[in-house]
A.B. asks: 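Encoded as structure tokens, here's the structure I'll be asking about.
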Amino acid sequence: MEALLAIIIAGLVGAGVYLVLRAHTFPVVLGLTLLSYGVNLFLFATGRLTVGQPAVIDDLAAGYADPLPQALVLTAIVIAFGMTAFVIMLALKARKELGNDHVDGREDEDDRAEPRNETRDAGEAGV
Amino acid sequence: MNHLVMAPLLLPLFAAVVLLLSRLGISLGVRRGINFGAVVLELGAVIWLLLVVSGDGILVYQLGDWPAPYGISMVADRLSVWMLLITALLACAALFYAVQGTDRGSRHFHSLFQLQIFGLNGAFLTGDLFNLFVFFEVLLLASYGLLLHGGGPARVRAGLHFVVLNLVGSTLFLFAVGTLYGVLGTLNMADLAVKVSATAPEDLGIVRAAGLLLFTVFALKAALFPLYLWLPSAYASTSAPVAALFAIMTKVGAYAILRVETLIFGDDAGLVSHLIEPVLLPLALLTLGLAALGALSARGLRRQAAYLLILSIGTLLTAFALGTNEGIAAGLYYLAHSTFAGAALFLLADVIVRGRGGLEDRLDPGPAVPAAPLVGSLFFLLAVLISGLPPLSGFLGKWMLLRAALDSQFVVWIFVVVLTAGLCSLFALARSGSLLFYRASGGAAVVAAGDVASAAGAPAGVDWPRLWPVIGLVALCLALVAAAGPLTEFTAEIADALLTPERYIEAVLGDAKEVGA
């Protein structure tokens, strides 16, 4: 079971890293999602893998499943979920503002080219 | 139980929740009032906390009264309160600038501002590693919103890089936390400090890997070489008060490095003690050198300010990397100075940009900035502060750092790099200053043709409301000089407390025994 879990985590993280390094926003978002899946499984495994063990005190139990990593994973899932939703919205906004879905907007790194009224503070509605 | 510890957390959280009600039609004026009230109350609470902590030492709050290694501990020691105080003062100045018009456009600016402070304060107060991750996420999520506030392609592009990098950083953080929990079985930092000294030899490699992974994450937040590349475009493209508030964000990384380095991987950590310092010093010096080159080569004032912020981080972490009492004390003094001075430069850059019409912050000769004598004098003062010339606080900080470095075996390297970087920043700022203020052509011909935005908004005279926060921050730096004696004593006390973590551990874990009994 340990070997299988390790292979799954390695596969998820490897695919996630590959996708995060892509040049377009959609694969990057997918990669971040896969990375968070990988790390959630990893966190889950830090409490050691047990089968059929209770997490709360029971006189008859031979051992216990560590409940803390499960709580950590739950927190991590919620945060990753919120972040994924945010990054998708940001990717859509970038697609709209920059005219393409390249992570660099496919322009030279030259902020001077921006028209002034678009970078001003009291511009259009924010995010 | 002292509930005062929770005040710097609960105040911004409640203020943020109340401000979210703006959907129900709270007007902008009321939102500004609530935000100001909350910021001032926070400052009051932090000062109160400072008075208590400088007397009693360490205040511990166990959430829900769960005993220490099982529940989440909030710990207010001198270091935490020092960071809280800097944050609260910076927030006042940034907010004062923001209400001059930056906060229009998006109705959630004030709410995000308070959430940002909530995340920052939480990161400084928490005594639990996983909780630190959660507060990092809170402050990052708020910072994403603030960074993008106002919109525009430059912000969206820089924001996308910032968000993706930090999400990858969060994943690494979770891996590090998970590994530490898997090996040591605890996440409470005080408990970790106890357990790590008893690491079994076969687990050493894993603990080392986890510790260095943690360091990588904190280095990303602190913008340490080679993980600083996201910072210049992100800070240069966002709105001025947000960039000013972000001056403390990189310091969160530095704080976390310092806390973990002294508490968990300190002298008592047995085989894994001093895990971070050998890596930290060369990286900090490299950061210093490259940031100095960046500041010299920057073609825009805001980008230059961003590089100077990285330069201050390099100096700060050089001080922390010394690992001695004097080094850390010098670093903590320099931290306050560099936060205020860096933030003031971002704000002043925005004032200058507003006066230059279509030229923006490009370092080309152009029309004179309105109220040039006043703005120029402030710029000159800031240049003296940031490049560390006597007699102001930058000089004092660097002098203490160099004096502390005399005992280090790398003293030559530290002297050469720190002094050269200081010289480079002096050149960079002198060049910008002469371009902006001396080589200005003609009178205050602000309005270029077709530049409608500035024609409507630019006032003819001195832009006092926008200059007051800058003056306030400069005054804080001057206060750092005036009160240098007591303040350096205080930072030396902080450094003492950090290098003898037994008291911290006892305060967190010992308190639990009392509760359990």
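Heavy atoms only: backbone and side chains are in, while hydrogens, waters and symmetry mates are out. Lettering follows sequence order; numbering is per chain, from 1.
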A.B. asks: Could you check if a side-chain atom of B:Phe175 sits within less than 4.5 angstrom of a side-chain atom of A:Val13, using non-hydrogen atoms only?
C.D. replies: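 Yes. Closest side-chain heavy atoms under 4.5 Å.
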A.B. asks: Testing the basics here: between B:Gly178 and A:Leu43, what is the closest heavy-atom pair and its distance to 0.1 Å?
C.D. replies: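 Of all heavy-atom pairs spanning B:Gly178 and A:Leu43, the closest is CA-CD2, 3.6 Å.
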A.B. asks: For the atom pair OG1 (A:Thr33) and CG (B:Leu167), what is the distance rounded to the nearest 0.5 Å?
C.D. replies: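 The distance works out to 9.5 Å.
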A.B. asks: Just wondering, do B:Glu137 and A:Met83 contact through their side chains at under 4.5 Å, heavy atoms?
C.D. replies: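 The answer is yes, as the side chains (C-beta and beyond) meet within the 4.5 Å cut-off.
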A.B. asks: Answer yes or no: does atom OH of A:Tyr37 have more than 12 heavy-atom neighbours from other residues, nucleotides or ligands under 6.0 Å?
C.D. replies: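 Check fails, neighbour count at 12 or below.
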A.B. asks: If I measure from the heavy atoms of chain B, does A:Leu35 come under 4.5 Å with its side chain, its backbone, both, or neither?
C.D. replies: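 A:Leu35 touches chain B through backbone and side-chain heavy atoms alike.
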A.B. asks: Quick one: ring-ring contact (aromatic ring centres under 6.0 Å, His included) partners of B:Phe173, sequence neighbours excluded?
C.D. replies: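 For B:Phe173, the residues satisfying ring-ring contact (aromatic ring centres under 6.0 Å, His included) (neighbours in sequence not counted) are B:Phe133, B:Phe136, B:Phe218.
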A.B. asks: Distance check, rounded to the nearest 0.5 Å: A:Leu90 atom CG versus B:Leu147 atom CG?
C.D. replies: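 Reported value, rounded in 0.5 Å steps: 9.0 Å.
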A.B. asks: Could you have a look at A:Val20, A:Leu68, A:Val28 and say which one has the most heavy-atom pairs with chain B under 4.5 angstrom?
C.D. replies: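 Maximum pair count with chain B is reached by A:Leu68.
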A.B. asks: Within a strict 4.5 Å, meaning less than it, do heavy atoms of the A:Asp104 and B:His161 side chains meet?
C.D. replies: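 In short, these two side chains touch, coming nearer than 4.5 Å.
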A.B. asks: Of all the heavy-atom pairs spanning B:Leu174 and A:Ala76, show the shortest one and how long it is.
C.D. replies: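 In terms of heavy atoms, the two residues are closest at CD1-CB, 3.8 Å.
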A.B. asks: At a heavy-atom separation under 4.5 Å, does B:Leu180 approach chain A through its side chain, its backbone, both, or neither?
C.D. replies: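 No part of it gets close to chain A.
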A.B. asks: To the nearest 0.5 Å, what is the distance between OG1 (B:Thr171) and CG (A:Leu34)?
C.D. replies: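 The distance works out to 11.0 Å.
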A.B. asks: Given heavy-atom pairs under 4.5 angstrom as the criterion, report whether the side chain, backbone, both or neither of B:Val163 touches chain A.
C.D. replies: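 Side chain only.
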A.B. asks: In terms of heavy-atom proximity below 4.5 Å to chain B, should A:Leu72 be classed as side chain, backbone, both, or neither?
C.D. replies: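 Both parts, backbone and side chain.
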A.B. asks: Which distance, rounded to the nearest 0.5 Å, do you find between the CG of B:Leu148 and the CE of A:Met89?
C.D. replies: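 CE of A:Met89 is found 11.5 Å from CG of B:Leu148.
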A.B. asks: So do the side chains of B:Thr179 and A:Phe42 get within less than 4.5 Å of each other, counting heavy atoms only?
C.D. replies: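 Of all side-chain heavy-atom pairs linking A:Phe42 with B:Thr179, at least one is under 4.5 Å.
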A.B. asks: So do B:Val164 and A:Val103 actually touch side chain to side chain, heavy atoms under 4.5 Å?
C.D. replies: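 Not touching, per the 4.5 Å side-chain cut-off.
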